[in-house]
Amino acid sequence: MIAFVSGPVAALAPDTAVVEVGGVGMAVQCTPATLAQLRVGRPARLATSLVVREDSLTLYGFADDDERQTFELLQTASGVGPRLAQAMLAVHSPDALRRAFAAGDEKALTAVPGIGKKGAQKLLLELKDRLGEPAGSGTAASPAGATAAAGWRDQLHAALTGLGYAAREADEAVAAVTPQAEAALADGAQPQVGQLLRAALQTLNRAR
């Protein structure tokens, strides 16, 4: 098992970081929140989980060991593969997920793309006692806790500049997707940085 990778960041893409390890570029699948913390040319250390399939070897990367352990625990539920587990961590932090499962919060789970009401109910039954007790305090179920509603702009801007876009381009892309984020807030949901990043990249591609 590859427990972590450490080295300079060679490249960044919307869902992948390439970390140079001993002269080899390791492609690591990451959430937007993790990617937003990385910069090309700067050193990084990512906790990792290797998923082996008959036709592929995929390395998933995380900001810390807690995220990786949560990623692996989520996959012990039937029907949860690595992509869905990563999507859950893109929307909620590990502690926010623990709070959601402890409280039986279906709404928090259905905020994840690919999880409907029935799927959320099934996951709550299967995983309630597996993730453990939340370590933090508070009730917010989002990656940045109570400040997530205000923090999505900074997170999205950092992800775009980390991908090589100029600050002005990032500003314009953030402005373009602001109505989408505000609509989510109006519905009582937290803006999902992963979806906003994809939408922002589409606007930038159209502008070029």
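Hydrogens, waters and symmetry mates play no part in the numbers below; they use all other heavy atoms, side chains included.
Leu201 is listed as a side-chain neighbour of Leu160, based on a closest heavy-atom distance under 4.5 Å. Proximity of Pro8 to Val19: side-chain heavy atoms (C-beta onward) are nowhere separated by under 4.5 Å. By the 4.5 Å heavy-atom criterion applied to side chains, Asp171 and Tyr165 are not counted as neighbours. Proximity of Thr34 to Val28: side-chain heavy atoms (C-beta onward) are nowhere separated by under 4.5 Å.
Atom CD of Glu72 sits about 7.0 Å away from atom CZ of Phe62, to the nearest 0.5 Å. Distance check: Asp64 CG to Arg45 CZ gives 10.0 Å after rounding to the nearest 0.5 Å. In this structure, CZ in Arg99 is found 10.5 Å from NE2 in His92, a value given to the nearest 0.5 Å. In this structure, the separation between CG on Leu197 and CD on Gln202 is 10.0 Å, given to the nearest 0.5 Å. The structure places OG1 of Thr31 at 10.5 Å from CG of Asp15, a figure rounded to the nearest 0.5 Å. One finds the CG atom of Leu46 at 5.5 Å from the CG atom of Leu38 (value rounded to the nearest 0.5 Å).
Under the 4.5 Å side-chain heavy-atom criterion for ILVMFWY residues, no single connected hydrophobic cluster contains both Val18 and Val9. Placement of Leu50 and Val24 within a single hydrophobic cluster is found when ILVMFWY residues are connected by side-chain heavy-atom separations under 4.5 Å, directly or transitively. Following chains of ILVMFWY side-chain contacts shorter than 4.5 Å, one can reach Leu12 starting from Val21, so the two form part of one hydrophobic cluster. Following chains of ILVMFWY side-chain contacts shorter than 4.5 Å, one cannot reach Leu59 starting from Phe4, and the two form parts of different hydrophobic clusters.
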Would you give me the side-chain donor-acceptor pairs under 3.5 Å for residues 112-127, sequence neighbours excluded?
| from | atom 1 | to | atom 2 | distance (Å) |
| --- | --- | --- | --- | --- |
| Lys117 | NZ | Glu106 | OE1 | 2.9 |
| Gln121 | NE2 | Glu106 | OE2 | 3.3 |
| Lys122 | NZ | Ser78 | OG | 3.3 |
| Glu126 | OE1 | Ser78 | N | 3.0 |
| Glu126 | OE2 | Ser78 | OG | 2.7 |

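The main-chain N or O of Arg98 is never found under 3.5 Å from a side-chain atom of Glu133 such that the two would form a donor-acceptor pair. In this structure, the side chain of His157 does not engage the main chain of Val174 through any donor-acceptor pair within 3.5 Å. Ser56 places no side-chain N or O within donor-acceptor distance of the main-chain N or O of Arg53, the cut-off being under 3.5 Å. Listed for the Glu67 side chain is a donor-acceptor partner under 3.5 Å among the backbone atoms of Ala63.
Scanning all heavy atoms of the two residues, the minimum distance from Glu169 to Leu204 falls at O-CD2, 3.7 Å. A pairwise comparison of heavy atoms in Gln75 and Ala85 identifies CG-CB, 3.9 Å as the closest pair. Scanning all heavy atoms of the two residues, the minimum distance from Ala47 to Asp65 falls at CB-OD1, 3.5 Å. Closest of all the heavy-atom pairs between Ala100 and Ala108 is CB-CB, 3.9 Å. What you find for Pro191 and Leu185 is that their closest heavy atoms are CD-CD2, 3.6 Å.
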Evaluate Leu109 against Phe101 for side-chain contact (heavy atoms from CB on, under 4.5 Å), listing each step before the verdict.
CA-CA 9 Å; Leu109 296 184; Phe101 280 101; 4.0 Å; yes
So Thr16 and Leu35, side-chain contact (heavy atoms from CB on, under 4.5 Å) or not? Walk me through it.
CA-CA 8 Å; Thr16 307; Leu35 290 169; 5.9 Å; no
From CA spacing to verdict: side-chain contact (heavy atoms from CB on, under 4.5 Å), Leu57, Val51:
CA-CA 6 Å; Leu57 296 172; Val51 176; over 6 Å; no
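By the 6.0 Å and 45° rule, Arg68 does not stack over the aromatic ring of Tyr60.
For residues 169-205, the set of pairs meeting the ring pair (Phe, Tyr, Trp, His ring centres under 6.0 Å) definition, not counting sequence neighbours, is empty.
When only modelled atom types and interatomic distance are considered, Thr76 and Arg130 share a side-chain donor-acceptor pair under 3.5 Å.
Heavy-atom contacts from other residues, nucleotides or ligands closer than 6.0 Å to CZ of Arg39 number more than 12.
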